[in-house]
Amino acid sequence: MNTLDTRRIWIFTALAFGICWAFAGVIYLNGGLVNSPEIVPGTGITLATALLALGCMWAPALAHILTRVITREGWKDMWLRPQAGRNWFSWGLAWVLPPILTVLGLVVYFAVFPGHFDGELSALQSILDDAAAMAGQELPFDVWTVMLIQIGQALLLGPILNGFFTFGEEFGWRAYLQPKLMPLGFRKAMLAVGVIWGLWHAPIIAMGHNYGFGYPGEPWTGILAMVWFTIPLAVIIGWLTLRGGSVWPAVIAHGSINAIAGIGIYMTHLDAPGLNSLIGPLPTGILGGLPSALLAAYLLWKNGEVGPKPGDVSRETLPAGPAATPPTADAIIASGLTKRFGELEAVDHIDLKIPVGEVFGLLGPNGAGKTTTIRMLAALIAPTEGEAWVAGHRVGEDDTELRKQIGILTETPGMYEQLSAERNLDFFARMYEVEDIPGQVERYLRMLGLWGRRNEAVGGFSKGMRQKLAIARALLHEPKVIFLDEPTSGLDPEASRVVREFIEELRGEGRTIIITTHNLDEADRLCDRIAVFKSKLLAVDTPNSLRRKLFGRSVVFHLAAAKEAFVSALRQKTYVHEANLRGDKIVVKLDDPEAHNPELLRELIGLGADVQFVGEIRQSLEDVYFQLLGQAQPEAAV
């Protein structure tokens with residue numbers, strides 16, 4: 001679904017900010033970060049340290065849980081299943097990527113400011129000297145050996161030891177907010193999470209966290225620098241989350257960052273002129289964070305096409321009105337459905353009923369309003385006038401429940417090209433809150449002939465394979481109503497036949513299917529009824545009924561040698577509307593060929609006609625379509 005759950009997004013964000021900022025207020029009132037009192041004397045554990053770790057860092061997780069409780073969302077799709085067996089590479093990347101980026105950031109910083117590099121590690125040496133003095137003996141290692149031991153411990157143990165605290169953030173940002181924003185597409189969702197995450201830090205940045213005091217533009221430039229840091233981090237960690245299908249790679253990556261981020265301090269001359277925490281050497285600085293920013297830019301470029309096209313995401317909803325029940329048990333009911341965009345009336349007062357289990361075709365030229373109609377019925381945009389019910393839910397009133405009952409195949413469905421087919425479906429199944437995710441994924445991959453290619457990246461799929469995968473995605477949650485926009489567009493004949501047979505199979509399961517297509521032959525074969533419209537409905541009926549209404553029924557008698565006398569005799573019959581001679585054929589227009597053909601045949605034989613065979617002229621659906629649109633077409637060949 002390409003619709004933002006804006007209500008839950010706002011509730012979660014308000015709670016995450018409110019809880020964290022409340023704890024920050026307590027810290028500020030008790031001496032801030034610098035002068036906070038010790039809560040356990042002699043340990044160095046201050047009130048600020050405890051509230052940051054157990055209050056602020058756990059605020060997003062609490063916001064996640066409270067939002068689900070307040071909105072009665074339930075407890076599905078929590079992103080807690082590790083899935084390490086299938087996605088071990090994502091776990092490995094989460095462990096090693098932050099240290100690599102941190103070291104590269106130090107290289108960049110000291111390359112720009114070589115005078116700031118302290119090869120003697122004076123800051124660390126001072127700590128070691130104090131420790132040796134307290135112990136009364138020299139330490140057995142030199143300062144660089146201690147540094148390497150520290151780095152090794154940070155690499156091996158840091159992600160685990162820090163994981164308890166970083167889970168509090170990641171269970172909120174990556175396991176809740178990120179999936180809620182994914183209808184915007186990968187780029188916008190990652191950027192939005194990064195900005196929100198950075199601004200969330202504002203109170204503790206103002207109290208000196210990460211950047212200290214005395215830097216130019218304090219504290220506003222520090223808050224902006226933090227956003228510069230969190231945006232690339234949100235992209236990288238968000239990508240690891242999607243790739244791993246779980247929140248745990250994000251927890252590990254965040255823990256790894258916290259463990260390794262401070263090593264640059266020990267390598268820096270702390271009294272060197274020109275030091276500026278906004279620049280570096282830590283990864284929270286502009287230069288220190290440059291490698292992360294470049295990697296994030298690459299990921300945004302590679303994954304930027306995932307998601308809906310601009311304008312496809314709607315936050316609209318109808319004003320709350322009186323409770324209503326559908327007037328009938330049909331799958332879809334529309335009454336006076338209208339949509340205007342400014343002065344343009346895209347859809348004009350449509351009245352429509354589609355029974356359960358029907359395959360219904362929407363036909364019309366480009367710009368006729370087909371997609372707009374589907375978007376209204378799918379509760380993606382609000383009607384200007386009128387009302388509609390889909391699967392028993394009123395549009396604008398039960399939108400969340402309505403969307404659970406529908407599946408949509410858009411004309412250009414976005415997929416994560418670097419992920420496999422199986423992982424793509426696994427991700428979207430979580431978005432749909434599917435209960436048996438592995439079972440549903442396997443079922444539809446097998447049904448559409450993609451099981452053997454399930455582990456291959458979607459980027460290498462043909463258009464037909466992508467289309468079949470998109471159909472599988474639309475069906476994962478077993479919707480009652482399915483909207484298919486150009487389901488066989490661009491497919492080869494074999495793939496088109498597979499899709500058509502699959503639609504027939506869905507019809508057999510009692511699903512209601514709405515197809516928009518420019519392939520009129522396909523609509524003729526698949527659809528129980530069709531609607532031809534151009535802003536307004538021009539006609540709704542079965543293809544055969546429309547043929548009869550527009551053209552009547554015509555029978556052609558093929559003769560060895562036709563004569564005008566034969567035609568004159570047939571015209572005498574009261575039930576014959578027209579009879580015309582065309583070469584050695586006689587074309588007769590009448591209402592009920594099954595009842596009257598035998599008599600006409602006997603008449604011709606009695607007059608000495610040598611009848612070779614008899615057939616009925618069947619106008620194509622294209623003839624019907626253009627007749628309704630008022631465009632003349634050549635007369636049907638006989």
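Nothing here was measured: the structure is a model prediction, and the numbers come from that model.
In this structure, Phe186 has its ring center no closer than 6.0 Å to that of Trp301.
With respect to Glu417 and Arg466, a salt bridge is recorded, a charged nitrogen being found less than 4.0 Å from a carboxylate O.
Looking at residues two or more places apart in sequence or on another chain, you find a salt bridge (Lys or Arg N to Asp or Glu O under 4.0 Å) between Arg553 and Glu594, Glu616. Among residues two or more places apart in sequence or in another chain, the side-chain hydrogen bond (donor to acceptor under 3.5 Å, both in side chains) test is passed with Arg68 by His64. With sequence neighbours excluded, the residues that form a salt bridge (Lys or Arg N to Asp or Glu O under 4.0 Å) with Glu73 are Arg8, Lys180. Applying the side-chain hydrogen bond (donor to acceptor under 3.5 Å, both in side chains) rule to Arg507 yields the partners Glu504, Asp528; only residues at least two apart in sequence or on another chain are considered. Listed by chain and residue number, Lys536 satisfy the salt bridge (Lys or Arg N to Asp or Glu O under 4.0 Å) test with Asp348 (two or more places apart in sequence, or in another chain).
Between His558 and Phe613, the angle of the ring planes stays under 30°, which puts this pair in the parallel group of the 30/60° scheme.
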### Query
Is there a side chain to side chain donor-acceptor pair (under 3.5 Å) between Asp591 and His596 once you walk through the steps?
CA-CA 9 Å; Asp591 293 328; His596 300 300; over 6 Å; no
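For the 3.5 Å distance criterion, the side chains of Glu433 and His477 fail to qualify, holding no donor opposite an acceptor. Counting only N and O atoms by type, the side chains of Gln178 and Thr241 include no donor and acceptor under 3.5 Å apart. Using a 3.5 Å distance cut-off with no hydrogens or angles, the side chains of Thr516 and Asp485 do pair a donor with an acceptor.
Sorted by first and then second residue, the salt bridge (Lys or Arg N to Asp or Glu O under 4.0 Å) pairs with a member in residues 356-365 read Glu358-Arg529; sequence neighbours excluded.
Ile350 is not listed as a side-chain neighbour of Thr338, based on a closest heavy-atom distance of 4.5 Å or more.
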